[in-house]
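Keep in mind it's a predicted model, so treat the numbers as computed, not measured. Protein chains get the first letters and strands the later ones, always in sequence-line order, with residue 1 at the start of each.
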Amino acid sequence: MFFYKTFLIGSNVPSLTYASQEELQVGAVVSVPLKSSTKNAVIIEEVSQPSFTALEVCEVTAHYYTSKQLEIAKFISEYYFSSWGEAISLFVPYDKNIEPVVKYENNDIKLPQLTQAQQQVYDALLHKDRALLFGVTGAGKTEVFISLMGKMLQEGKATIFLMPEISLTPQMEKRLQRYFGEQVAMWHSKLTKKKKESILEGIYSGQVRIVAGARSALFVPLQDIGLIIVDEEHDDSYKAMTRPRYHARDVAVLMGQKLGAKVLLASATPSMTSYTKYDVVKLDKPFIQTNKRYTFISGDTINNVILNAVSKNYQRGEQSLLFLPTRGNFKYLYCENCGKTHLCPYCSVGMALHRNHKHLKCHYCNYTEAIRESCSYCGHSPLRSERMGTQEAIEVIEEAIEGIKVEKFDKDSITTANKLKQALRRFENKESDLLLGTQMLSKGHDYADITLSVIMGLDHILGLADYRARERTMSLFFQIAGRSGRAKASEVIVQTGDPDFFKSYVGDYELFIKEELSFLEMMEYPPYASLARILIAHKDEKKVAKITLDTVAKLKSFEEIEIVGHGKAPVEKIANKYRYHILLRAKSRVPLLKSLHGVDCKEIEIDMDPVEFS
DNA sequence: ATACTAATATCA
DNA sequence: GATATTAGTATG
């Protein structure tokens with residue numbers, strides 16, 4: 001009889017020991033009895049016969065994790081404070097039953113013709129294990145990616161291509177398939193089971209050699225991974241908001257090291273961290289330098305300046321873009337008399353007004369109720385709604401500009417890849433005149449013919465209590481401005497109370513990076529320090545407060561870490577649970593990890609390198 | 001994680 | 001006092 005330490009895949013349990021008649025490989029996935037059900041577990045190591053009677057494994061599956069996968073999972077569990085079982089559940093295991101078929105004939109791949117600048121970048125990247133490709137929007141990063149992928153195919157190696165949002169995939173999918181056909185697969189967490197299985201079959205058999213997709217694509221069971229590309233590497237959506245709270249960009253770099261694969265990060269607005277950490281390779285704009293005029297205006301509503309500009313552009317038969325940072329219909333009910341906002345009874349956040357559905361909704365817990373007529377604190381009536389949402393913006397514009405066709409582009413209206421395709425097609429076909437939306441606009445693709453971009457509400461982001469508020473704002477500003485005027489001269493209208501902040505960096509993100517870095521260095525924030533956040537949530541506020549204080553007390557004994565602050569989280573309550581947090585800082589991550597492993601317990605959640613502080 | 005158990009709240 | 005709900009614990 002053999003005995004094995006195992007981890008239950010996707011579970012919190014530290015480890016359980018099972019017996020087996022036959023010898024098993026480390027990494028093998030087995031199904032095991034636990035209480036009255038069976039679970040999947042992964043074999044970690046052989047152990048001597050334990051003092052208790054170990055149950056026998058039920059079944060040895062055809063799946064297994066490689067030692068590399070186990071190593072990376074171990075790192076993730078230690079660095080991001082999750083169980084090993086949770087970390088390994090990120091990965092899709094390999095399959096013993098499916099033998100890779102003979103590789104594709106890869107000699108006749110057609111690759112894009114590179115410009116001289118692209119070719120230089122390509123050559124430079126070939127000689128680097130890791131690099132940050134700093135390329136202005138429209139400079140043609142994708143051709144470089146495709147060439148590198150092609151090179152990998154020729155060497156028999158696979159590529160993982162990460163993108164921040166699934167919604168951006170349709171255009172990229174087409175582009176990749178034009179070059180690599182069946183060897184490309186798109187991967188994201190919302191694939192149906194069947195689709196997933198068919199893609200996995202392609203991956204196992206070796207037919208699929210390029211997997212493109214969101215965060216989770218990092219964990220597919222490709223053979224011989226030679227290249228990992230993280231496009232839009234500055235994007236915060238690479239950070240997982242649930243356990244394990246890993247950062248896909250950072251895990252990609254680690255994976256590259258472990259697998260001996262090249263890692264390429266790319267962005268037009270790189271993160272401060274990557275800019276300082278990795279070799280920077282620049283790809284500048286092609287010689288056609290289009291004319292872009294910036295106008296800065298004040299206010300925070302759709303005023304006459306904006307209406308006139310959009311209207312004029314519409315009369316000329318040209319297309320415009322309007323950006324708002326808030327989610328569609330995201331307005332609060334607020335009382336003019338006492339100034340209070342109507343809050344969700346379970347979460348301490350404003351209830352969002354969904355006027356077309358005639359209800360109020362909490363965006364944290366989805367609690368829904370009828371629209372209030374009067375203030376629940378002072379009884380004052382009527383209540384006012386505040387803050388501009390896409391819906392109201394559309395109403396204002398359609399009323400003011402007769403005949404204009406507005407395409408709404410936000411999470412509310414673009415729920416599926418199909419809807420995205422349709423919206424983009426309508427815009428490309430000139431069926432709509434104005435593309436109006438939220439952050440989604442900054443991510444999507446190029447809208448070559450746009451000659452007017454209106455950027456509103458950046459001040460709301462700039463004003464966030466977040467050490468990266470400036471970086472996030474500037475990145476957004478560059479990303480949106482970069483969408484327009486590819487082909488023709490264009491105008492960018494920025495509505496802000498702080499025009500000087502933007503003016504000083506127009507057209508030069510690197511200058512912003514440099515100045516921001518000296519600011520971050522002075523303030524001792526990342527990349528010049530390491531941060532961790534502890535979250536404590538519980539129904540009983542006294543209990544939360546106590547755990548917070550106890551944890552703070554324990555942490556005080558560690559000299560190398562600084563407790564930046566602790567107390568109620570900005571969002572005090574979610575789904576009826578009170579939330580407290582502790583923010584920690586240290587010169588490096590080592591003392592942070594050491595001290596946190598000393599206080600880690602089931603009551604708290606640790607978020608390393610946090611990007612969200614609410 | 002989840003089945004099982006102990007503890008506590010709810011109710012006629 | 002019996003039953004429903006919740007909190008706690010061990011699982012191999």
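- Here the C1' atom of nucleotide C/dG12 and the CG atom of A/Asn40 are 16 Å apart, to the nearest Å.
- Between the C1' atom of C/dT6 and the NZ atom of A/Lys543 lies a distance of 11 Å, rounded to the nearest Å.
- Remark: A/Thr159 OG1 to A/Gln183 CD distance equals 10.0 Å, nearest 0.5 Å.
- Atom CZ of A/Phe2 and atom C1' of C/dG12 are 18 Å apart (whole Å).
- Looking at heavy-atom distances under 4.0 Å, A/Phe52 makes contact with a base.
- Rounded to a whole Å, the CG atom of A/Asn12 is 14 Å from the C1' atom of C/dT9.
- A salt bridge links A/Arg245 with A/Glu605: at least one charged nitrogen is closer than 4.0 Å to a carboxylate oxygen.
- If you check every strand for non-hydrogen atoms under 4.0 Å, A/Leu55 touches sugar and phosphate atoms only.
- For A/Lys539 and C/dT5, the NZ to P distance is 13 Å, given to the nearest whole Å.
- Heavy atoms of A/Ser36 sit under 4.0 angstrom from primed sugar atoms or phosphate atoms, though from no base atom.
- Relative ring orientation between A/Phe613 and A/Tyr467 is described as perpendicular, the plane-to-plane angle rising above 60° on a 0-90° scale split at 30° and 60°.
- Nucleotide C/dA7 holds its P atom 13 Å from the CD atom of A/Glu603, rounded to whole Å.
- In this structure, A/Lys5 atom NZ and C/dT11 atom P are separated by 17 Å, rounded to whole Å.
- On the nucleic acid side, DNA chain B contacts chain A at distances under 4.0 Å to non-hydrogen atoms, with the end points of that region at B/dA1 to B/dC4.
- For A/Arg579 (side chain) and A/Val571 (main-chain N/O), a donor-acceptor pair under 3.5 Å exists by modelled atom type.
- For A/His597 and A/Phe81, the ring centers are positioned less than 6.0 Å apart.
- Note that OG of A/Ser530 is 7.0 Å distant from CG of A/Leu593, once rounded to the nearest 0.5 Å.
- To the nearest angstrom, P of C/dG12 lies 17 Å from CZ of A/Phe7.
- In summary, the aromatic rings of A/Tyr94 and A/Tyr204 are positioned with their centroids too far apart to meet the 6.0 Å limit.
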